[in-house]
Amino acid sequence: MRKIGILTGGGDCPGLNATIRGVVEKCISEGIEVYGFMSGWRGALTGEGKWLTLSDVEGIQTMGGTILCSSRTNVMKEENGPARVKATMDKLGLEGLVAIGGDDTLGVANALRKMGMNMVGVPKTIDNDLFCTDYTFGFDSASNIAMEAIDRLHTTAQAHQRCIVVELMGRHTGWIAIQAGLAANAHIILIPEFPLSFDQIFKVVRDRFKRGEKYTIIAAAEGFELAGEEEGDLGVDAFGNRLLNNKDLGKNLSDMIERAIREDKTLNENRKYFESRSVVLGHLQRGGSPSVFDRVLGTRLGVKAGELAVNREYGNMVAISGTKIVTADLDTAVTERKEVGSDLYDIARLYCR
Ligand code: F6P
């Protein structure tokens with residue numbers, strides 16, 4: 001009997017369960033058993049997990065989170081990490097592993113692949129920043145949550161004639177901020193790919209105030225940094241990701257805007273009453289049930305990943321290109337990041353006034 005393993009690593013996102021189900025259904029239908037490791041790479045190190053049955057995955061595509069749980073364990077930073085993963089796989093008789101994750105999880109899969117282990121990658125992240133795929137599942141659900149939040153902030157900001165800065169996830173790229181910001185009419189969209197100075201941001205808020213616009217909504221990706229600011233050195237996480245030096249971005253920016261408007265003598269007396277607030281949407285963006293797009297994308301990618309295992313086409317990542325499910329080279333997929341381009345950002349700039 002052929003056997004493979006499966007795990008979900010990194011930050012969870014809506015659509016993971018649909019993918020797990022796709023892999024398990026496809027593999028079992030072809031006579032391959034699937035061992036589900038618990039908590040990402042941590043399970044592959046310790047062996048914690050279980051053989052998945054069809055009833056384990058029945059209907060789970062409607063659920064957020066992951067039935068396998070997740071962690072940010074980095075095998076390459078653990079003592080004898082790769083050897084321990086190999087030993088676990090050998091003990092369970094697994095010929096290969098389907099790793100569902102973002103750049104960190106897939107980076108580990110790629111490193112293990114180079115050491116001779118059979119890997120299939122499945123891209124997932126609400127951040128949508130993985131290379132070689134047009135979309136990652138999780139992004140659509142998260143963007144919808146962010147859009148709805150911004151829609152709601154409009155009415156309260158308008159009622160109090162305030163500025164509201166809403167901080168959205170996206171440490172390296174601004175996909176959620178631009179998608180939700182465009183959809184929900186954020187007046188200013190701030191993303192890491194296109195830094196702006198405080199003066200540039202403030203000018204838009206002040207011009208709106210001067211024109212008598214009642215309020216301003218700013219959608220800011222958490223990784224946005226003001227142009228011209230010194231980079232802090234807060235160290236790195238287990239995967240070498242630089243810790244953000246703009247902690248409290250939303251609050252700090254909001255405070256700076258409030259102060260600057262109140263002190264601006266070119267504005268009328270109303271400036272003295274101007275207030276600004278901030279909202280951090282945080283993990284709300286990752287929680288809850290997946291959108292129809294993410295359920296179907298997760299399902300299609302999962303079935304394709306199962307098919308690659310069936311055909312022993314290891315060393316690949318499954319992806320979506322246009323409307324087609326395709327395969328991409330895992331090594332290429334983890335070497336670059338997919339950033340928001342000027343085509344999309346120029347549209348945001350058009351509305352930024
Ligand atoms: O990797 C996806 C992501 O949602 C990022 O946008 C965010 O910075 C990070 O995860 C938060 O991770 P954690 O859940 O570990 O705080």
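Numbers here are sequence positions counted from 1. In each ligand, atom 1 is the first atom listed, and ligand 1 is the first ligand listed. Because the structure is a prediction, the values reported are computed rather than measured.
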Residues 185-199 side chain polar contacts: donor-acceptor under 3.5 Å, at least two apart:
from : atom 1 : to   : atom 2 : distance (Å)
H187 : ND1    : I217 : N      : 2.8
H187 : NE2    : R208 : NH2    : 3.2
E193 : OE1    : G174 : N      : 3.1
E193 : OE2    : G174 : N      : 3.2
E193 : OE2    : V340 : N      : 2.9
S197 : OG     : Q200 : N      : 3.2
S197 : OG     : Q200 : OE1    : 3.3

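Using 4.0 Å as the threshold, Q285 has no heavy atom nearer than that to any atom of ligand 1. For G10, the closest heavy-atom approach to ligand 1 does not fall below 4.0 Å.
Interface atoms of ligand 1 facing I126, defined by a heavy-atom separation under 4.0 Å, are 4 (O). Short contacts between ligand 1 and D127, defined as distances under 4.0 Å to a heavy atom of the residue, involve ligand atoms 1 (O), 2 (C), 3 (C), 5 (C), 6 (O).
The closest heavy-atom contact to atom 7 (C) of ligand 1, among the options E222, K124, H172, R286, comes from E222.
Of the residues K203, R211, K210, the one that meets the side-chain hydrogen bond (donor to acceptor under 3.5 Å, both in side chains) test with D207 is K203.
One N or O on the side chain of T19 and one on the backbone of G15 form a donor-acceptor pair closer than 3.5 Å.
Pairs engaging residues 85-96 under the side-chain hydrogen bond (donor to acceptor under 3.5 Å, both in side chains) rule: R2-E95, K86-D90, E95-Y314 [sequence neighbours left out].
Under 3.5 Å, the side chains of D140 and S291 contain a donor-acceptor pair of N or O atoms.
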